[in-house]
Trainee: 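Have a look at this one before I ask anything.
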Amino acid sequence: MSNLNENYLIDEWRIVEKKFELDDSLKNESLFTVANGYIGLRGNFEEGIDNKRFSVEGTYINGFYETHKIKYGEKAYAFPEIGQTMLNVFNAKKIKIEVDDEEFNMLHSEILDYKRVLDLKEGTLKRSVVWRTKSDKEIEINFERLASLIEKHLAAIRVTIKPINFDGEIKITSTIDCEVKNITSEDDPRVGSGIEGKALDVYKKNFNNDIIEVYARTKNSKFDLVCAAKNVVENVQFSKKEFEDNNQIGYEYKIKAERNKEIVLTKYIAYATTRDLEYCDLDKIKEEVLEKAYNDGFDKIKNSQIDYLNEFWEKADVEIDGDVNLQQGIRFNMFHILQSTGRDGITNICAKGLTGEGYEGHYFWDTEMYIVPMFTYTMPEVARKLLEYRYNILDKARDRARQMSHKKGALFSWRSINGEECSAYFPASTAQYHINADIAYAIKKYYEATNDIEFMKKYGAEVLFETARIWIDVGHYVDGRGFCIDGVTGPDEYTAIVNNNAYTNIMAKDHLKFAHDMVNILKKEDQQLFMRLKNKIALQDEEVEEWLKASNNMYIPYDDKLKIHPQDDSFLNKKVWDFENTPKDKYPLLLHYHPLVIYRHQVCKQADWVLALFLHSDMFSKEQKKRDYDYYEKVTTHDSSLSPCIFSIVACDIGYNQKAYDYFMKTARMDLEDHHGNTKDGIHAANMAGSWMGMVFGFGGFRVNKDKIKFNPIIPDKWNRYSFRVNYKGRLIKVKVEKHSVLLSLLEGEPIKVDVYNNTVLLTQDRDIEVNTVTI
Ligand code: BGC
């Protein structure tokens with residue numbers, strides 16, 4: 001089942017599958033997804049696979065969800081009542097090809113040649129097949145598909161069919177399939193939804209001048225959706241008729257095919273929903289999108305896609321010379337992050353991108369802690385949109401805070417699409433109050449890297465202040481300790497509802513200080529605006545002083561005997577998990593042990609305090625970081641895909657170079673090689689962006705601290721060289737690390753001073769700076 005086998009060509013810019021393997025089908029459907037932050041087309045074949053065990057036919061619209069009542073055996077106060085699930089929407093990919101009443105199909109047809117390619121420079125998915133029919137007719141078929149990175153409502157498919165050894169009739173049926181459902185799973189809490197059966201009620205279907213269109217409304221959430229496709233057949237004589245059965249609507253083409261002459265069918269596909277707050281006129285969007293697409297044609301759309309990606313790679317590319325597997329892995333990951341991310345301020349990034357139904361299309365803290373950093377330093381405008389999303393759901397966070405008995409402030413939900421909490425299991429969700437501080441941290445880093453005061457004025461400050469208020473309510477002073485925070489869960493979901501989770505406390509400390517400082521910045525910048533905001537949220541001067549006091553007095557647990565930071569007040573008093581006698585097949589523990597059994601032990605699912613060591617690396621000595629790291633490494637299972645990249649980054653920081661490399665190897669190709677065995681449910685978006693962080697913050701040693709940027713690069717033995725780019729305050733800086741030298745180039749922007757190891761250098765566009773590589 002591995003992708004590191006001879007069926008997959010290792011190519012720096014492409015993922016190439018040479019032979020169709022049924023066993024890999026589900027996983028590859030996730031990997032070969034094309035998406036544009038809005039529409040996600042799972043890598044299903046156009047003709048489908050008529051065996052549900054091997055295929056989840058999936059088309060997703062970011063943020064387009066259905067609601068359902070959460071069922072509880074026992075319910076308590078303020079438990080969320082309504083769940084949300086990103087819907088699997090109508091399938092417009094469907095294209096059936098028939099010769100002599102025989103249907104082309106990857107399971108049953110004789111396939112003479114096959115290749116499937118995800119092209120990271122083009123943003124296309126291509127499949128080429130040679131099919132031999134039962135009557136020995138050979139046909140070459142090329143499929144090409146994209147979700148436009150420029151026009152979010154548009155996707156397109158081009159099919160080119162060439163009879164190799166015959167003249168005769170070929171039938172093509174291009175449809176929209178309305179027989180779609182979300183998957184359900186009883187055994188894995190990470191998969192499956194509360195939605196049973198069809199969620200979309202079709203209320204209008206039309207044939208209209210080569211366009212097929214279906215309108216529907218969700219049963220509960222009451223959103224409207226239009227899915228439309230314009231079909232264009234070129235190059236040949238054909239007859240056309242409307243086709244409709246219980247589930248599908250489309251056109252059937254009978255084509256007079258000639259030997260060696262290509263038949264081209266182009267399908268321009270538009271999706272729009274009333275969940276897009278900016279506009280609701282579905283007809284208009286659909287018409288405009290399809291008309292423009294048709295006038296432009298597939299090639300022009302594809303060329304714009306290539307231009308867009310060119311620009312992305314110019315700004316963001318990471319090169320590794322000396323390991324082509326890793327090179328492919330890192331680019332694949334960055335590509336998926338780009339294509340999964342909502343860029344409209346209304347949508348965000350699902351834990352599984354737009355590739356599958358794991359975690360129901362929900363957004364988590366994964367966004368701010370893992371994904372935003374990649375954008376902050378490559379495409380800050382996208383980071384801004386992700387953070388604007390938080391502002392757009394701030395009212396829901398205010399509501400949640402009231403439900404949780406906080407009289408003031410806002411508490412962001414742990415997992416959600418529209419902002420309302422939809423997790424039924426509060427110990428590993430609502431209790432993760434650190435999400436408030438994570439969002440604040442991402443805002444701080446974004447502001448630091450861009451100076452985007454307009455963002456702070458319009459959105460950032462309000463989010464920051466409202467979320468800061470919660471700490472004051474949830475914390476209190478304890479004699480001899482300082483400001484303590486009780487009853488929360490940290491990032492490690494194998495330890496729940498504890499007092500003084502060290503990660504939460506240090507993040508809250510930073511959050512409160514930044515909120516306090518931002519008050520002063522805003523007052524100076526725009527007194528009137530500040531006063532308006534102050535009135536709007538009834539902010540008292542004393543509160544702001546309270547923030548600073550709590551921050552200054554925040555209790556960060558420390559164990560004098562072990563000289564480490566305990567994860568929380570009780571962690572070190574628990575029995576250590578019996579790792580030695582836990583067989584491999586009992587991992588991930590969450591699928592084999594009741595949560596209580598896990599909670600009673602010292603065992604971590606993922607980086608918790610170690611994450612704090614990365615985010616606040618300047619606060620601790622190297623010796624301290626080593627002691628903490630050594631301790632937590634022994635008790636961490638990495639059952640969460642969010643973990644290894646963080647261990648890799650901190651290992652780089654403390655000179656554990658081999659460990660850094662080994663952990664990095666677990667992240668860079670995690671989905672390509674299906675390390676967690678569940679890529680079929682979708683890619684692991686946080687880990688993917690985490691592998692970018694591993695390159696830049698880990699090996700590159702990049703840090704930004706109080707307007708100072710620094711690089712501390714190391715290079716693994718196995719690589720000849722690597723390079724990466726970061727954007728900081730309008731400068732595009734390229735860092736190339738070789739065995740013996742580090743080369744810094746300023747590709748765009750005004751001269752800037754940066755630190756490399758312990759030197760400060762001035763970067764200008766006309767001169768590269770070279771320093772010796774330091775071995776740690
Ligand atoms: C992790 C969380 C994460 C979620 C979604 C869980 O397994 O423990 O930290 O937010 O997955 O990726």
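Just so it is clear, the model here is predicted, and its values are computed rather than measured. We count ligands from 1, going down the list as the structure has it; atoms in each ligand are counted the same way.
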Trainee: Phe412 ring centre to Arg390 NZ or CZ under 6.0 Å, with the angle to the axis within 45°?
Mentor: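 Checked: cation-pi criterion met.
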
Trainee: Any side-chain to backbone donor/acceptor pair from Asn88 onto Lys181? Under 3.5 Å, distance only.
Mentor: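 Yes.
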
Trainee: Does ligand 1 have a heavy atom under 4.0 Å from the side chain of Leu642, from its backbone, from both, or from neither?
Mentor: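 The answer is the side chain.
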
Trainee: Mind running side chain to side chain donor-acceptor pair (under 3.5 Å) on His68 and Asn220 for me, showing each step along the way?
Mentor: CA-CA 7 Å; His68 51 88; Asn220 304 325; over 6 Å; no

Trainee: Backbone or side chain, does any N or O of Trp414 fall under 3.5 Å from an N or O of ligand 1?
Mentor: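 Trp414 vs ligand 1: no N/O contact under 3.5 Å.
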
Trainee: Specify side chain, backbone, both or neither for Tyr494, according to which of its non-hydrogen atoms lie closer than 4.0 Å to ligand 1.
Mentor: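 It is neither part, as no heavy atom is under 4.0 Å.
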
Trainee: Considering only heavy atoms of Trp365, which atoms of ligand 1 have at least one such atom less than 4.0 Å away?
Mentor: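 Answer, ordered by atom number: 2 (C), 3 (C), 9 (O), 10 (O).
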
Trainee: Which is it for Arg415 and ligand 1 at heavy atoms under 4.0 Å: side chain, backbone, both or neither?
Mentor: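 No part of Arg415 comes within reach of ligand 1.
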
Trainee: Would you mind listing which atoms of ligand 1 come within a distance below 4.0 Å of any non-hydrogen atom of Lys605?
Mentor: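 Within the 4.0 Å cut-off of Lys605, ligand 1 contributes 1 (C), 6 (C), 7 (O), 8 (O).
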
Trainee: With a cut-off of 4.0 Å, which atoms of ligand 1 are near a heavy atom of Tyr359?
Mentor: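 Reading through ligand 1 atom by atom, the close ones are 5 (C), 6 (C), 7 (O), 11 (O).
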
Trainee: Quick one: do Arg384 and Glu381 make a salt bridge, cutoff under 4.0 Å?
Mentor: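 A salt bridge is absent here (no side-chain N lies under 4.0 Å from a carboxylate O).
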
Trainee: Does only the side chain of His684 get under 4.0 Å from ligand 1, or the backbone, or both, or neither? Count heavy atoms.
Mentor: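 Looking at His684 and ligand 1, no heavy atom falls under 4.0 Å.
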
Trainee: Within a distance under 4.0 Å of any heavy atom of Ser640, pick out the atoms of ligand 1 and give their elements.
Mentor: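 Checking each atom against Ser640, I get 1 (C), 8 (O).
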
Trainee: Return yes if a side-chain donor-acceptor contact under 3.5 Å exists between Asp438 and Tyr503, otherwise no.
Mentor: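 Looking only at side-chain atoms, Tyr503 and Asp438 do form a donor-acceptor pair, the distance falling under 3.5 Å.
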
Trainee: Kindly assign one of parallel, tilted or perpendicular to the pair Trp365 and His434, based on the angle between their ring planes and the thresholds 30° and 60°.
Mentor: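 Trp365 and His434: perpendicular rings.
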
Trainee: Would Asp344 and Lys152 pass as an ion pair if we require N to O under 4.0 Å?
Mentor: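 Yes, charged N to carboxylate O under 4.0 Å.
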
